[in-house]
Number of protein chains: 2
Amino acid sequence: MKYDHDEIIEKATTLFWQRGFQAAGMRDIQQALDMRPGSIYARFQSKEGLFKLVIEQYAQNSEKRLKQVAEAESPLGALYHFFETALTGPDEQRYMRQCLLVKSIAELDIIGDIAKKAVLESMQTLKAGFRDIIEACIEKGELPEQTPAKLAAEWLQNQFVGLRAFALMQDENLATTQMIDKVMVDLKGQWPQQTH
Amino acid sequence: MKYDHDEIIEKATTLFWQRGFQAAGMRDIQQALDMRPGSIYARFQSKEGLFKLVIEQYAQNSEKRLKQVAEAESPLGALYHFFETALTGPDEQRYMRQCLLVKSIAELDIIGDIAKKAVLESMQTLKAGFRDIIEACIEKGELPEQTPAKLAAEWLQNQFVGLRAFALMQDENLATTQMIDKVMVDLKGQWPQQTH
DNA sequence: TTATCGCTTGAACGATCGTTCAAGTAAACC
DNA sequence: GGTTTACTTGAACGATCGTTCAAGCGATAA
């Protein structure tokens, strides 16, 4: 075993994050990982197999960070900070503004059934993470008692998805920061009646 | 000239919308348009050239629909209706829930410089369309005078982008409808101070 | 009639795609 | 020591990619 597993996944993550599943060719992967095709296939069975591990690792990582937000002294403040760091990173890490999962959703029909399942399950996991944050905010009195947790969690995740696409197109951070501010305002604001 | 131009663009739009630029192979295009490669290249120079025309036509169409919203008797009501129809179509037209432009943004690095330019310019055009709607709402007294039009327009477009990704993952329309309701609430709600 | 033009056809091109495979290496196990 | 196992190498495979091109068609212009 010449190559370190975590290091491989990390490098592969960067590549898939930058280029997407389809656009990242096997020869790009071989170069990025400094591995020959046989090694890659012996370990990961296929390009999709490698991608699946990348997705799972990425989701696990994201989940951990959401958990930290939920367990913070001020979940609402931590949430703001989480949004800010995720959306306004330096320009050379611009690709990171896009959520790898969301990016993958755009390729859902291409990436194969196994990876597709991993992506969708990861989205569910993260939704639960957002819900924990909402509930933590309510518990700490940072959000009103009557905030509909399930709806708010979906909404929050959705805002995050939209904002990542938004931030990707922005040249400066001011517009993005204003959007985050608006999210925080709306989070504390009214919610529609559930009587549909 | 055997094939009708508008018909070609329409069929190509459907294909690109369903599959994306990259995943729509020339042989898929040939089949969808019932044209041979030579014909396609004689008319459109390249796959990218065809795609560029598709994008421009799509943007033009979208712009027209936004204009109708802005010019409606109740722009706010028309806006709601616009969101609803765009996001909760029948299942066999599920691909239409995704905005072709947003989908293309995910492929921005792949589609080539000419098409890239067309996509980004179209996004700007649509942003202006959203702004017209906001201003029409203010003028008709459906939104408060002090609503920051520029910010609100960006926000609205952003909500639309996020919701399209959201709607794509939903099995039933209830969750999507609730999200639209929340958008309408927040649109009338508070806006962050511009003092950043 | 002849020339020109835009459009059409379909075979074929070179490049690239994901993947396979025979062969080799090094550590682990019996 | 011998066998197994996990991993490595790099050439090569068949398939598919976007694109080209010689040839032909039909309408228009001279």
Side-chain angles (χ1 to χ4, degrees), chain A residues 1-55 104 106-119, chain B residues 1-55 104 106-119:
Chain A
M1 180 115 70
K2 187 174 163 192
Y3 302 109
D4 178 61
H5 188 80
D6 289 347
E7 204 176 310
I8 294 176
I9 299 297
E10 193 181 319
K11 284 178 180 171
T13 301
T14 303
L15 185 65
F16 281 127
W17 207 344
Q18 284 174 323
R19 318 256 271 127
F21 175 79
Q22 173 109 320
M26 275 310 291
R27 278 145 193 93
D28 298 322
I29 296 174
Q30 289 159 33
Q31 192 177 355
L33 306 189
D34 187 30
M35 290 174 77
R36 263 41 63 197
S39 303
I40 299 174
Y41 279 84
R43 281 209 188 183
F44 307 109
Q45 293 96 40
S46 65
K47 182 185 173 186
E48 187 188 356
L50 172 61
F51 184 69
K52 185 204 168 204
L53 289 186
V54 164
I55 289 291
S104 304
E107 298 187 279
L108 220 50
D109 296 333
I110 300 167
I111 58 180
D113 288 339
I114 298 173
K116 180 175 179 175
K117 196 182 164 204
V119 168
Chain B
M1 181 116 69
K2 190 175 164 190
Y3 302 109
D4 178 60
H5 187 81
D6 289 347
E7 206 175 309
I8 294 177
I9 299 296
E10 193 181 319
K11 285 178 180 170
T13 301
T14 303
L15 184 65
F16 281 128
W17 207 344
Q18 285 174 321
R19 317 256 273 128
F21 176 79
Q22 174 108 320
M26 277 308 292
R27 277 145 193 92
D28 298 321
I29 296 174
Q30 289 159 31
Q31 192 177 356
L33 306 188
D34 187 30
M35 290 174 76
R36 264 41 62 197
S39 304
I40 298 174
Y41 278 84
R43 282 210 189 184
F44 306 109
Q45 293 94 43
S46 65
K47 183 185 174 186
E48 187 188 355
L50 172 61
F51 184 68
K52 185 203 167 203
L53 289 186
V54 164
I55 288 293
S104 305
E107 298 187 280
L108 220 49
D109 295 332
I110 301 166
I111 58 180
D113 288 340
I114 297 173
K116 180 176 180 176
K117 196 181 162 202
V119 169

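As the structure is a computational prediction, the values presented were derived from the model and not from experiment. Per chain, numbering begins at 1; letters A, B, ... match sequence-line order.
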Review point. Between D:dG10, C:dT9, D:dT19, which nucleotide gets closest to the side-chain atoms of A:R36?
Key: D:dG10
Check your understanding: Would a 4.5 Å heavy-atom cut-off, applied to side chains only, mark A:W17 and A:V54 as touching?
Key -> no
Point to revise | For the student: nearest non-hydrogen atoms of A:I8 and A:L33, plus distance | key: O-CD2, 3.5 Å
Check your understanding: Could you state the CG-C1' distance from A:L15 to C:dG18, rounded to the nearest angstrom?
Key -> 15 Å
Check your understanding: If you pin B:A42 and A:A23 to their nearest nucleotides in DNA chain C, which one's is more 5'?
Key -> B:A42
Revision key, fill the gap. Rounded to whole Å, CD1 of B:I40 lies from P of C:dT9 at a distance of 9 Å
Study note, to complete from the structure: Checking C:dT20, C:dA11, D:dT8 against the side chain of A:Y3 (C-beta onward), the nearest is D:dT8
Check your understanding: How far apart are the closest heavy atoms of B:Y3 and B:D34, and which atoms are they?
Key -> OH-O, 2.8 Å
Check your understanding: In whole angstrom, what separates A:I29's CD1 from C:dT16's P?
Key -> 17 Å
Check your understanding: Please give, in whole Å, the distance from D:dT19 P to B:F51 CZ?
Key -> 13 Å
Review point. Counting side-chain heavy atoms from CB outward, which of D:dG18, C:dT8, D:dT9 is closest to B:M35?
Key: C:dT8
Check your understanding: Among the nucleotides D:dT19, C:dT19, C:dT8, which one has an atom lying closest to any side-chain atom of A:Y41?
Key -> C:dT19
Check your understanding: Nearest to the side chain of A:K47, which nucleotide is it out of D:dT9, C:dG18, D:dT8?
Key -> C:dG18
Revision key, fill the gap. All heavy atoms of B:F44 vs all of B:L50, minimum pair found to be CB-N, 3.8 Å
Review point. Does B:R27 get its side chain close enough to the base of D:dG18, under 3.5 Å, for a donor-acceptor pair?
Key: yes
Practice item. Return the value, rounded to whole Å, for the distance between atom CG of B:D4 and atom P of C:dC7. Key: 13 Å
Revision key, fill the gap. When rounded to whole Å, the CD to C1' distance for the pair B:Q31 and D:dG18 reads 17 Å
Exercise for review: Using a 4.0 Å heavy-atom cut-off across all strands, classify B:G25 as base, sugar-phosphate, or nothing.
Suggested key: sugar-phosphate
Review point. In whole Å, what is the span from the CD1 atom of A:I8 to the C1' atom of D:dT8?
Key: 11 Å
Check your understanding: Hey, is the main chain of A:G20 close enough, under 3.5 Å, to the side chain of A:E107 for a donor-acceptor pair?
Key -> no
**Study point:** Side chain of A:S39 - closest among D:dT9, D:dA11, C:dT9
**Key:** D:dT9
Exercise for review: Specify the separation, in whole Å, of atom CG of A:D34 and atom P of D:dC7.
Suggested key: 17 Å
Exercise for review: Using a 4.0 Å heavy-atom cut-off across all strands, classify B:A24 as base, sugar-phosphate, or nothing.
Suggested key: sugar-phosphate
